[in-house]
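Heavy-atom basis, side chains included; hydrogens, waters and symmetry copies ignored. Each chain gets a letter, A, B and so on, in the order its sequence line appears, and its residues count up from 1.
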Protein chains: 2
Amino acid sequence: MEIHHLRYFIAVAEELSFRGAAERLHISQPPLSVQIAQLERELGTRLLERSAGKTTRLTAAGAVFLDEARALLDGLDRSIERTRRTGRGEVGTISVGLTSSMAYGVVPLLLRDFRRAHPGVTLQLLEMTTAQQEKALLARTLDLAFCYPPLENPGFKTRNVGEEGMVLAIPDSHPLAGTRPVRVGELQGETILTFPRHLSPGLFDRMLAAFSMAGLTLRIAEEATQLQTIIALVCAGLGVAVVPASMAKLAREGVEYRSILDPMPVVETLLVWRDDAPSPLAQKLIQSVSKTA
Amino acid sequence: MEIHHLRYFIAVAEELSFRGAAERLHISQPPLSVQIAQLERELGTRLLERSAGKTTRLTAAGAVFLDEARALLDGLDRSIERTRRTGRGEVGTISVGLTSSMAYGVVPLLLRDFRRAHPGVTLQLLEMTTAQQEKALLARTLDLAFCYPPLENPGFKTRNVGEEGMVLAIPDSHPLAGTRPVRVGELQGETILTFPRHLSPGLFDRMLAAFSMAGLTLRIAEEATQLQTIIALVCAGLGVAVVPASMAKLAREGVEYRSILDPMPVVETLLVWRDDAPSPLAQKLIQSVSKTA
DNA sequence: TCCATTGATACGAAAATCATATCAATCAAG
DNA sequence: CTTGATTGATATGATTTTCGTATCAATGGA
């Protein structure tokens, strides 16, 4: 059985006439009779009562199969449309990774714009470290990733979607509290908290270098897998911290943010994807982000 | 698009290999590639990522279409099975007419047997007079009819499914009440109620003849479109009535039934159907009734 | 009785699918 | 780095299927 059998049968069942149906189908009557006969033979039952001269009628099985055939063709149309929409990237799900520290930066804005432009698309956001995201991209668990450089794997395409400076986070009870920008030298003797290196080796090393030049050392808060934890430690008076500027949006009681006068590393945010055949959805998000950023 | 496109695509999507799928389909690989390419062209989107040497993978659209194609083929199988069952008369609906007076005779027994043997069949029972049933058969509103002879239209096939004698229905306060059979002569002076002629002309005329021979007249209860109404009138003391023996099963408080010694008309019940192409369900019911009766 | 119309059948023509042969690209092994 | 094996794509002739023309028997209406 093929789909044209369904179409042919529906035409005959609706016209209740082989000649009329043949005309509607733009074919001649004999092959139509043959095709219907094939269909009846395969189904093992007569679908139409025909007697020359008198009106053709549906059998009980024919009435059932007419309903079924219509439903099947409708289902086929819907299936085709759904597939086409998916192919055009109008619907579907896309997995996007981001680090927990990006929750307050430019990434939410970029994603919000994409969501508005593509309401049919489900964004699946997964908080992961840069290293985890790289592995997930390779395993195809992620379609896209928002990472911090440097990337370990060279086989990725990237786009810079924003960069931000570092600011100082201090308790509001601290002598340096106030609106004044701060120099690194003023931190002499302070406990300067920072995150474990594996969370962002590139940023970590550049921070380390910047402070070493000023003769300062950093204290690594091993348990701080999220920058918010660092802020919490600052709030508790365990020290000060240097964090990306967007963290200032996390207005936390008892913590103030001060800009730093000395040269500090700049945190770049990269959108990363595999260089082989990104899905249409991924392409759309890349395009959306490129336009916005 | 044809159904074999769906089958071919499912095979490739499941094997994730054109050659493997071709082997499974018992065709060679080149035409399979061509068919998939046709499918992709018609859908306007790529379904499979293929790169020589590396593993073939589904695109997002391909994953969607795989689900859809499986569902469509499943639906097709179910449709075929449903149609075949209808063709074999295993499922469906059959419209059967019967007169209201048959509700206590042999007909319910016959239908009960059929119901047991064919649980998938819905019996649509319609209470109609014999004349109404004949019209409904011609209009194809009914598939089968349980009628009383004679039939007006000669173009029917019939089968006698039972005959029964007539009995006397009298109030239990009546002088004739008791267990004794009754002679027609004993009804001299009684009001003998009967149904309007149009409900069953054949039976009416034979009844009329039988009573005329004994010098008795009948009083027609015009409002009695159902035999039960006659019984109700008897119960109310408006007279006595001669009714089919099966009505005795309608054990009504205040009414007794007496057999009649004189020759009385015999009520035949006919199963009636059009002589042109009865549906498989109708054939099954005819067969069931013939075996039981 | 004749004529028009219905669907079925027969047969050659057109179209679609298929199999064989072959290619470029890629990967694994030496 | 080279070789051999495997992947899917392409080209071409063969086979199968479907289609159209011609024709038939059966039925209903004029």
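- Distance Leu39(A) CG to dA8(C) P: 13 Å, rounded to the nearest Å.
- For Glu40(B), the salt bridge (Lys or Arg N to Asp or Glu O under 4.0 Å) partners two or more places apart in sequence, or in a different chain, are Arg50(B).
- Applying side chain to side chain contact (heavy atoms under 4.5 Å, CB included) to Phe146(B) and the options Leu271(B), Thr130(B), Leu270(B) leaves one that passes, Leu271(B).
- Note: CG (Leu25(A)) to C1' (dG20(D)) measures 15 Å, nearest angstrom.
- A rotation axis mapping the C1' atoms of four pairs onto the next four is fitted at both ends of the helix from dT1(C)-dA30(D) to dG30(C)-dC1(D) over five pairs, and the angle between these axes is 20° to 10 degrees.
- A sub-4.0 Å separation between OP1 or OP2 of dT7(D) and a side-chain N or O of Ser17(B) is absent.
- In terms of heavy-atom proximity, Arg7(B) sits nearest to Leu73(B) at NH1-CD1, 3.7 Å.
- For the pair Glu49(B) CD and dT7(D) C1', the interatomic distance rounds to 15 Å; values are reported in whole Å.
- Screening residues 12-33 of chain B for salt bridge (Lys or Arg N to Asp or Glu O under 4.0 Å), with sequence neighbours left out, gives Glu14(B)-Arg24(B), Glu14(B)-Arg70(B), Glu15(B)-Arg24(B).
- Ring planes of Phe9(B) and Phe65(B): tilted class, angle from 30 to 60°.
- Between Arg50(A) and dA8(C) there is a side-chain polar atom (N or O) within less than 4.0 angstrom of OP1 or OP2.
- Distance Arg19(A) CZ to dG20(D) P: 14 Å, rounded to the nearest Å.
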Protein proximity profile, nucleotides 9-19 of chain C - base contact B, sugar-phosphate-only contact S, no contact -, cut-off 4.0 Å on heavy atoms: BB------SSB
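- Partners of Arg84(B) under the salt bridge (Lys or Arg N to Asp or Glu O under 4.0 Å) rule, at least two apart in sequence or in another chain, do not exist in this structure.
- Side-chain atoms of Glu127(A) do not come within 3.5 Å of backbone N or O of Ser100(A) as any donor-acceptor pair.
- Separating the CZ atom of Phe18(A) from the P atom of dG20(D) is a distance of 16 Å, rounded to the nearest angstrom.
- Residue Arg46(A) contributes atom CZ, which lies 11 Å from atom C1' of dA8(C) at whole-angstrom precision.
- Remark: Phe18(A) pairs with no residue by the ring pair (Phe, Tyr, Trp, His ring centres under 6.0 Å) rule, at least two apart or across chains.
- Protein atom CD of Glu40(A) is 13 Å distant from nucleotide atom P of dG7(C), rounded to whole Å.
- Put simply, CZ on Arg41(B) is 12 Å from P on dT10(D), counting in whole angstrom units.
- Counting non-hydrogen atoms of other residues, nucleotides and ligands closer than 6.0 Å to CD of Gln287(B) gives a total of 12 or fewer.
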